[in-house]
Amino acid sequence: MSAAITTPPAAPTVSRLERLRQQLLSRADSLPTAAALVIFVLMLAYGEIAYGRIFQLSTVSNLFINNAHLIILAVGLTFVIISGGIDLSVGAIIALSSVCGVILANAGWNAGLVILVMILIGSTIGLVSGVLIQYFDVQPFIATLAMMFLGRGLASMLSTVPVRLDEASGILLLGTKIKLIDGPKVNDLVITPGVLIALLVVAAAFIILHRTRTGRTVYAIGGSEHSASLMGLAVVRTKLFIYVASGTLAGIAAVVYTARLGSAQNITGIGWELDAIAAAVIGGTLLTGGFGYVLGAVVGALVLGLMNVLITRDGSIPPEATTIITGGILLIFVLLQRAVISRQRE
Amino acid sequence: MSTDATSRTSMLRTLLHRPYFWGLIAIALLLAVNSLKDPSYLAIGYNANTGSLVGNVIDILRAAAPIAMISVGMCLVIATAGIDLSVGSLMAVAGAVSMELLASAGGSAGAALAALGLALLLGAVLGAVNAVLISVVGLQPFISTLVMMLAGRGLAKVITGGQNTAASNETFRWIANGYVLGLPVVFLLAVLIVIAVGLLVRRSALGLMIEAIGMDPRAARLAGVNRRGLLFAVYIASGALAAVAGIFASASVMTVDVSNTGYQLEMDAILAVVIGGTSLAGGKFNITGAAIGALLIATLDKTVVFLGISSSATPAFKAIVIIALCLLQSQRVRDLFRARRAKTAPVTSDAPKEAVAA
């Protein structure tokens, strides 16, 4: 009798394994994001063991403070990439917007007004990209490339030397450090309004992308734009929204960055569009579109930031090899995505 | 005489329908603007000491040579519906490896040849890595070459140890600064390479097959086109041409600036290709157009500096050129023009003929 009872569960064990496999496969989409999270934790652990002082409030605070702008950019890029497009203009938007902002602030403009102008510069450039892409069938790559050139060129016309913000400017308030937990020595949990803005942006983007109709449409466009428009989704409006949002977020990132640094230059933000794309991709957003997470982009940005911290701490890695490492990490994640996709096709 | 006139007008008409026609007009406009500022801008003098022609136009031709090299490579890549963002970084790698070799090997002609060979080989190998990622692994061209762009710039820095290596070698210097028949050697080499590549792809079936995989990879495969082999050929060609451009760029000053040599030149190359009438969607290409696009970019660069505008503001002017070209090429604007023409046509139906005859 006991044998009769013990034998039947043997079959369910197999099927349970099978079910687990099925579940894993159906969840394979989120594998890259999970991998990014695992790598982030591994990097933290490695840093703690090899160099020490990583699991510290001050290190974590600095990680967020120094990468707030990258998080904001990566969130914007996530929207664009999920829809199957690309935005190369964000780095140049930061240059134009921050140089403009500093010059206006130093000319005596009200800080709030300056911030509004800085953000609107981003929105305007995003809108132009969106119109070129949507109404004139220009490829996203080339339209945002044009905007990148335009932003960089205009910023260079305004100034080719670093411009410093007046000490008294209200914009700097956004970069002030607020102590939340007063730890021993310098080990404090510090936060800046800039970080809060970044977190707000993440929360808002999360709600829009994962909880609203607009968000679903973004995914649908990335899956197949043609099908999305046949289904009667608001493709035109959503695509414009995506590029305007990306530009606006770049404007916000410019505000946060300028507030932290207190100065701006025409060469600020060179290559940041690539960092932001890398962050989104590391976070599990598929470059072909149709798949991705907002929170993944945050993890991706933090992985890149932590990598810089570790390289600085290590000291033996030549700084010129940094870009090789970034490229390598990017390649690993893209290969991972590729493997997951081909797995699903089977 | 009448046949002569008609053949001339028909030639004009075909020229007008060439995709790079607007590029030529833009070059002429820029030169005209420069001549307005300085009437002797177009003047070409002769320097008896070096046996060379000197003048602003010669400078433009010299500056256009490296851009033309990467544009031709980019043109082939884009025809396969791909993109190669790594050309600028590969220029730096080629410059770095040749300068390092010359700095240690000395000034003999053999060393110059070795540097040339090594740079070309490295360019081709890195191009082949791109091709493996794209055709074997199946990654998108954009991301594969983006990785190569990041890694290549790092590789160049590692090769020189982060320094800007300088070297002296007369033979190597001659490539960029020498003259044959009064014209700069770089320009003549560039023209030769453009013609060679153009003949190779247009006189054989190669060009058609490249266009075929750019148009529809599936249909091309069903027709028996070897996609993988062609992609390898195209990306290796692009890498090797980028190495040539890197040699041109570093030989002219006999220094490699690892963070600035070829910096963002991939964007210039893409722009040159678009100006030349090659669609970024792939499936067709125009080598002559890409070369003219490169010439336009060099003219634009020189004009901005000549007019006394900061050279870092050049991108804004390039942006205006890109936007104008994209608008001219877009269906919506074309329809607008066509609609207007259709509206005016019945009233002045003879006008076009008269215009042509005149």
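By convention in this document, chain letters (A, B, ...) are assigned in the order of the sequence lines, proteins followed by strands, and residues within each chain are numbered from 1. Please read these numbers as outputs of a predicted model, since none were measured by experiment.
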Checklist entry - What closest approach, in Å, do A/Tyr219 and A/Gly292 show between heavy atoms, and which atom pair accounts for it? => result OH-O, 2.5 Å
Checklist entry - Which of these, A/Ser98, A/Ser159, A/Ser156, sits in a side chain to side chain donor-acceptor pair (under 3.5 Å) with A/Asn266? => result A/Ser156
Checklist entry - Does a donor on one side chain sit under 3.5 Å from an acceptor on the other, for B/Ser86 and B/Asn130? => result yes
Checklist entry - Side chain, backbone, both or neither: which part of A/Phe141 has a heavy atom under 4.5 Å from chain B? => result side chain
Item to check | Residue, of B/Leu271, B/Leu327, B/Thr314, that accumulates the most heavy atom pairs under 4.5 Å with chain A | outcome: B/Leu327
Checklist entry - What distance separates A/Ser129 OG from A/Ile242 CD1, expressed to the nearest 0.5 Å? => result 12.5 Å
Checklist outcome for this item: So, the part of A/Val334 with a heavy atom under 4.5 Å from chain B: the answer is both
Checklist outcome for this item: Counting heavy-atom pairs under 4.5 Å with chain B, the top scorer among A/Leu154, A/Leu145, A/Asp137 is A/Leu145
Checklist entry - When only pairs under 4.5 Å are counted, which of A/Ile267, A/Leu287, A/Ile329 shares the most heavy-atom pairs with chain B? => result A/Leu287
Checklist entry - Which bit of A/Leu274 is near chain B, if near means a heavy-atom gap under 4.5 Å: side chain, backbone, both or neither? => result side chain
Checklist entry - Which bit of B/Val321 comes within less than 4.5 Å of chain A, counting heavy atoms only: side chain, backbone, both or neither? => result neither
Next on the checklist: Under 4.5 Å from any heavy atom of chain B, what part of A/Leu132 do you find: side chain, backbone, both or neither?
Outcome noted: side chain
Checklist entry - What part of B/Met148 lies closer than 4.5 angstrom to a heavy atom of chain A: side chain, backbone, both or neither? => result neither
Next on the checklist: Between A/Asn67 and A/Leu70 (side chain of the first, backbone of the second, donor and acceptor by atom type, cut-off under 3.5 Å), is there such a pair?
Outcome noted: no
Checklist entry - chain A heavy atoms under 4.5 Å from B/Ile159: which part of the residue, side chain, backbone, both or neither? => result neither
Checklist outcome for this item: If one checks every heavy atom of B/Leu150 against chain A at 4.5 Å, the contacting part turns out to be both
Checklist entry - Does B/Gln163 CD have over 12 foreign heavy atoms under 6.0 Å away? => result no
Next on the checklist: For B/Ser89 versus B/Glu266, what's the shortest heavy-atom pair and its separation?
Outcome noted: N-OE1, 4.4 Å
Item to check | Polar contact flag, side-chain donor to acceptor under 3.5 angstrom, B/Thr145-B/Asp84 | outcome: no
Next on the checklist: For A/Ile86, which atoms come within 4.5 Å of any heavy atom of chain B: side chain, backbone, both, or neither?
Outcome noted: side chain
